[in-house]
Amino acid sequence: MSYPAECTPADGASTLSFENELYEQRREKLKQIEALGYAAYPNSFAFTHSVAKIHAEHGESTSEALAESKPPVLASGRLQAIRRQGKAGFCDLVQAGQRIQVYVRKEAVGDNAFELYKLLDLGDSLGVTGYIFRTRTGELSIHAESLTFLAKALLPMPEKWHGLQEVEARYRQRYLDLLSNAESRNIFIVRSRVIQALRTALDREDFIEVETPMMQPMPGGALARPFVTHHNALDLTLYLRIAPELYLKRLIVGGLDRVYEISRVFRNEGLSTRHNPEYTMLEFYQAYADYRDLMNLTERLIPEAARASIGGTIVQWGETQIDLAKWTRYSLREAICVFWPEESSRPKFADFNDPRHTALVVERWNQMNPGASPVSMPIVEGNASLGGAVAVPLGNSVLHLFEAVCEKHLTQPTIIYDFPVEVSPLAKNKPDEPAYVERFEAYIGGMEILNAYSELNDPEEQRKRFQMQAEAKERGDQETHPIDEDYIRALSYGMPPTAGEGIGIDRLVMLLTGSRSIRDVILFPLLRPEAAPEAAPEDGAGSGE
RNA sequence: GAGCCGGUAGCUCAGUUGGCAGAGCAUCUGACUUUUAAUCAGAGGGUCGCGGGUUCGAGUCCCGCCCGGCUCACCA
């Protein structure tokens, strides 16, 4: 193995020192186990029964029936508890989250295996050959007839009763979290089932799964700052994708009428309980459909994923219960009126079509919420920069107002539809109201879970939208959509009417598992590196920051 | 980026007014052939996140830094 020079671990710089007394004791035991004739790191153990299978087959069997048939099994797992009692003893074997007790009796396993038993530590892997029985207290157990040593835990496991509690350790050493906290293990099983359920549903609806570039010469499909990398052979700057959207729609142009992709996107932005720099999106596109079709599909898809992953649609979210099968729909402007907290100043729907009226509503809101950061004012003649704050296009202002007024109220599943065109550069205009587009987002638990729209397929309108983005960039907007000529070319060959949707899988899993932090549903969330290098590695060339 | 909270034995956590560094589990030694958070008797184990300062004396008080959590801001 070789490292690029800049990645070579500096001499001993990040050596974690874990070789303490307990480690040495266990190394010594491993030597003794070898001396007994057991391989220290054997290659395999062919068990006949998973622990789950033992419980499935014999969970109902009586002591008498088992004493008669003595069903033979080969089982394996990791030692979670050891209770020694002189010339016999018990231990608990855990495999795939399931536990089975093993009874080890000196005269049943022989002297050599009993010596091995005495050298075992919590965390060791063990194979057991024996038969199923029930103990005096009725617990289903394996009566061991021989033991096979499988692997040593040289480092001690977390405490058996409380598990691993320290949040930082749970993220950095997820394997320990998974071993000692059943809830954590369950979260990732739910996560897998959610993804599986979404795949199954989309496959059934004749979508095909595709893979599009993660490294893109131009980052598009969303408004976010990208990670930058470089391809040496082509001497080419590449960006980790912030969304697969524009590639998936090229496939729609190519006649793959229903496509989806489940994979990581990367956004070079802040971390929070709802944001990780890399996260998982499901995006799907359906030709000859519009956003109404996707609203209906979404309201079927989410409950289906819930039933498949947690067996129902009701989830506990903090103090409240959420039913993922019960949906409400509001247009964005309607939602502002509905959730406006004060009767006397409640705005009217039509106010948001006129920047002067909207300005009055925003002003009122900002007066009502002096502590909060103010919602930006829409551009009205002559106020382009009033009082230091920069005025923004009407649509941006309306969106900001929606977020300030409504977002925290959107706990139960809610579809918010019809977004301002200024903030939706890839969505199709409403036929009767060109300042708004056929776009919706779904909010659950106060979080934006998904975003969907009727796709803009007019290449000339698309070019105008990109140009609007370029102007926003001129004004200093950091996160704008670049002009993607190749995408406009693809649209120019003709894209059928199409609707597309992106679902944030991580946030969906948060809801389904009651997790309040996105880090609890990502196996290895981004953290600052642990071992702070004593001496900074020799840093010749300037770093690219 | 700001505020608040946290970092003490392998793990979970106490630590009083500044006065010898503690418990449970785990580990080690011994006893124990149906226990199950096994039990009983004994023992070992600490860079109190890191670096300064105040003090006769600092886990504790002060300053700086590192790592993490939460809230807010930024961002969408």
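Every heavy atom of this structure was used, including side-chain atoms; hydrogens, water molecules and symmetry mates were not. Everything numeric in this text was worked out from a predicted model, so none of it was measured. Note on naming: letters A, B, ... go to the chains in the order of the sequence lines (proteins, then strands), and numbering restarts at 1 for each one.
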- Aromatic contact, A/Tyr453 with A/Phe419 (centres under 6.0 Å): no

- Answer yes or no for A/Arg329 and A/Tyr417: cation-pi contact, defined as NZ/CZ to six-membered ring centre under 6.0 Å and angle to ring axis within 45°. no

- Using the P atoms only, state how far B/C65 lies from B/C4, rounded to an integer number of Å. 14 Å

- Test side chain to side chain donor-acceptor pair (under 3.5 Å) applied to A/Gln469 and A/Thr480, step by step: CA-CA 6 Å; A/Gln469 290 290 308; A/Thr480 58; 4.9 Å; no

- Query: If the C1' atom of B/G24 is compared with that of B/C5, how far apart are they to the nearest Å?
  - Reply: 25 Å

- Partner of B/A31 under the Watson-Crick or G-U wobble criteria, both distances under 3.5 Å, comes out as B/U39

- Item | Where protein sits on nucleotides 68-76 of chain B, one letter per nucleotide: B base, S sugar-phosphate only, - none, heavy atoms under 4.0 Å | SSSS-SSSB

- In whole Å, what is the span from the CG atom of A/Asp121 to the C1' atom of B/A26? 10 Å

- Task: Whole angstrom is fine here: how far is it from CH2 in A/Trp161 over to P in B/G24?
- Result: 18 Å

- Item | Euclidean distance for C1', B/G51 against B/G10 (whole angstrom) | 27 Å

- Could you check A/Lys70 against A/Glu145 for salt bridge (Lys or Arg N to Asp or Glu O under 4.0 Å), going step by step and ending with a plain yes or no? CA-CA 12 Å; A/Lys70 293 191 173 176; A/Glu145 290 175 312; over 6 Å; no

- Message: Under a 3.5 Å cut-off for both contacts, is B/C72 paired Watson-Crick or G-U wobble with anything, and if yes, with which nucleotide?
- Response: B/G1

- Message: For a quick test of reading the model: is some side-chain N or O of A/Lys29 closer than 4.0 Å to OP1 or OP2 of B/U27?
- Response: no

- Item | Rounded distance in Å - CD (A/Glu21) to P (B/A43) | 16 Å

- Query: Would you call A/Lys118 and A/Glu115 a salt bridge, taking side-chain N to carboxylate O under 4.0 Å as the test?
  - Reply: yes

- What does B/C25 pair with, Watson-Crick or G-U, if both distances are under 3.5 Å? B/G10

- Query: Can you tell me if CD on A/Gln367 sees more than 12 non-hydrogen neighbours from other groups inside 6.0 Å?
  - Reply: yes

- Message: Rounding to an integer number of angstrom, what distance separates B/C56 and B/G22 when you compare their P atoms?
- Response: 25 Å

- Message: Going by the rule salt bridge (charged side-chain N to carboxylate O under 4.0 Å, His left out), which residues pair with A/Arg465 if we only count those two or more places apart in sequence or in a different chain?
- Response: A/Glu461

- Task: In whole angstrom, give the distance that lies between atom CD1 of A/Ile82 and atom P of B/C28.
- Result: 9 Å

- Same-atom distance (P) from B/A38 to B/A26, integer angstrom: 7 Å

- Short N-O contact, A/Asp506 and A/Arg191, less than 4.0 angstrom: yes

Sub-3.5 Å pairs of nitrogen or oxygen atoms, protein against nucleotides 10-14 of chain B:
residue	atom	partner	partner atom	Å
B/C11	O2'	A/Glu159	N	2.9
B/C11	O2'	A/Gly163	O	3.4
B/U12	OP1	A/Gln165	N	2.8
B/U12	OP1	A/Glu166	N	3.0

- Is the A/Phe402 to A/Tyr443 ring centre distance short of 6.0 Å? yes

Please report, to 0.1 Å, the donor-acceptor pairs under 3.5 Å made by any side chain of residues 119-127 of chain A, with sequence neighbours excluded.
residue	atom	partner	partner atom	Å
A/Asp121	OD1	A/Lys29	NZ	2.7
A/Asp121	OD2	A/Lys29	NZ	3.2
A/Asp121	OD2	A/Lys152	NZ	3.0
A/Asp124	OD1	A/Ala153	N	2.9
A/Asp124	OD2	A/Asp121	N	2.9
A/Asp124	OD2	A/Lys152	NZ	2.6

- Query: What interatomic distance, in whole Å, is found between P of B/G19 and the corresponding atom of B/C62?
  - Reply: 15 Å

- Please name all residues satisfying salt bridge (charged side-chain N to carboxylate O under 4.0 Å, His left out) with A/Arg516, sequence neighbours left out, ordered by chain then number. none

Please list, for nucleotides 31-35 of chain B, all pairs of protein and nucleotide N/O atoms separated by less than 3.5 Å.
residue	atom	partner	partner atom	Å
B/C32	N3	A/Gly86	N	3.1
B/C32	N4	A/Gly86	N	3.3
B/U33	OP2	A/Lys87	N	3.3
B/U33	O2	A/Arg105	NE	2.8
B/U33	O4	A/Glu107	OE1	3.0
B/U34	O2'	A/Arg136	NE	2.9
B/U34	O2'	A/Arg136	NH1	3.1
B/U34	O2	A/Arg136	N	2.7
B/U35	O4'	A/Gln85	NE2	3.2
B/U35	O2	A/Arg83	NE	2.8
B/U35	O2	A/Arg83	NH2	3.2
B/U35	O2	A/Gln101	OE1	3.2
B/U35	N3	A/Gln101	OE1	2.7
B/U35	N3	A/Gln101	NE2	3.0
B/U35	O4	A/Gln101	NE2	2.7
B/U35	O4	A/Thr135	OG1	2.8

- Is any side-chain heavy atom of A/Ile444 closer than 4.5 Å to a side-chain heavy atom of A/Thr414? no

- Query: If we take the P atom in both B/C70 and B/A21, what is their distance in whole Å?
  - Reply: 35 Å

- Write down the distance separating the C1' atoms in B/A58 and B/U8, rounded off to the nearest Å. 14 Å

- Message: Under 3.5 Å for both donor-acceptor distances, Watson-Crick or wobble: does B/G19 have a partner, and if so which one?
- Response: B/C56

